[in-house]
Chemist: 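Mind having a look at this structure? Questions to follow.
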Amino acid sequence: MGIGTNIQATRQAVALTQEQLAAAVGVSRQTVAKWEAGETSPDLEHSAALADALGCTMDALVNFDSEGTGLGAPPRGKHLFGSVKVGERGQVVIPKEARELFGISPGDKLVVLGEDGQGIALCKEEDFMAGVEAVMAAVRGTSR
């Protein structure tokens, strides 16, 4: 995937027209069309403006690989690490990039959360418990 594909997919994902994106970045619609077609690439200044207008990082805009999903670059603070295969006993391998980003090490305990119709999420047990303790402290503070 190139930056042109990512610009187009992300623009469509955030429901902007080429004209709207061009106005936000300060270029013509034709320039955006050329970027999306891969005829030209935005310079550094325009790449930063594109990332801001599209709500993603420059890294995601340049390096994200949707591998035919049609998804745009993920928004700032959101990540798509790829897919994993569930083993026979339900085990999954968390991608290295995710483990590094979230500080997950061998032996760490994770809490598995879920919501019907939404899916599941993993959270480090220590972070989850810190959140529970903060909520409990707030409840105790307001019930006096």
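Quick note: numbers below take in every heavy atom, side chains included, and nothing from hydrogens, waters or symmetry partners. Just so it is clear, the structure is predicted and the values come from calculations on it, not from any experiment.
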Chemist: In chain order, what residues pass the side chain to side chain contact (heavy atoms under 4.5 Å, CB included) check against L110, with sequence neighbours excluded?
Modeler: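 If we apply the side chain to side chain contact (heavy atoms under 4.5 Å, CB included) test to L110, skipping adjacent residues, the hits are I94, I104, L122, K124.
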Chemist: Do any pairs count as a salt bridge (Lys or Arg N to Asp or Glu O under 4.0 Å) and have a residue in residues 19-37, sequence neighbours left out, and if so which ones?
Modeler: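 Output for this query lists R11-E36, E19-R29.
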Chemist: Spell out, yes or no, whether V25 and M58 are grouped together once hydrophobic residues are joined by side-chain heavy atoms under 4.5 Å, including indirect joins.
Modeler: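 No, V25 does not connect to M58 through the hydrophobic network.
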Chemist: What closest approach, in Å, do I7 and L21 show between heavy atoms, and which atom pair accounts for it?
Modeler: CG2-CD2, 4.0 Å
Chemist: Give the other cluster members for V111, using side-chain heavy-atom distances under 4.5 Å between Ile, Leu, Val, Met, Phe, Trp and Tyr residues; answer none if it is isolated.
Modeler: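 Other cluster members: L113, F128, M129, V132, M136.
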Chemist: Looking at every non-hydrogen atom in both residues, tell me the closest pair between A60 and T57 and how far apart they are.
Modeler: N-OG1, 3.0 Å
Chemist: Please check this pair: side chain of Q91 against backbone of R89, looking for a donor-acceptor N/O pair closer than 3.5 Å.
Modeler: yes
Chemist: For residues 3-45, which residue pairs qualify under ring-ring contact (aromatic ring centres under 6.0 Å, His included), counting only residues two or more places apart or in two chains?
Modeler: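 Only W35-H46 qualify under ring-ring contact (aromatic ring centres under 6.0 Å, His included).
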Chemist: At their closest point, which heavy atom of D108 faces which heavy atom of G103, and how far apart are they?
Modeler: OD2-O, 3.5 Å
Chemist: Suppose clustering is done on Ile, Leu, Val, Met, Phe, Trp and Tyr with side-chain heavy atoms closer than 4.5 Å. Which residues sit in the same group as V86?
Modeler: V84, V92
Chemist: I need the K109 NZ to E126 CD distance, nearest 0.5 Å.
Modeler: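 Rounded to the nearest 0.5 Å, the NZ-CD separation comes out at 11.5 Å.
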Chemist: Please name the pair of heavy atoms, one in I3 and one in P42, separated by the smallest distance, quoted to 0.1 Å.
Modeler: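 Where I3 meets P42 most closely, the heavy atoms are CD1-CG, 3.8 Å.
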Chemist: Supply the atom-to-atom distance S47 OG to L54 CG, rounded to the nearest 0.5 angstrom.
Modeler: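 Answer for the OG-CG pair, S47 versus L54, is 10.5 Å.
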Chemist: In sequence, state the C-alpha distance, the side-chain angles, and the governing distance for V27 and V32, and then conclude on side-chain contact (heavy atoms from CB on, under 4.5 Å).
Modeler: CA-CA 7 Å; V27 297; V32 171; 3.9 Å; yes
Chemist: For the atom pair OG1 (T17) and CD (Q12), what is the distance rounded to the nearest 0.5 Å?
Modeler: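 Rounded to the nearest 0.5 Å, the OG1-CD separation comes out at 11.0 Å.
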Chemist: Sequence neighbours left out, what passes side chain to side chain donor-acceptor pair (under 3.5 Å) with D52? Give chain and number order.
Modeler: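 Expected list: R76.
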Chemist: Closer than 3.5 angstrom, by distance alone: can the side chain of S28 be matched with the main-chain N or O of T31 as a donor-acceptor pair?
Modeler: yes
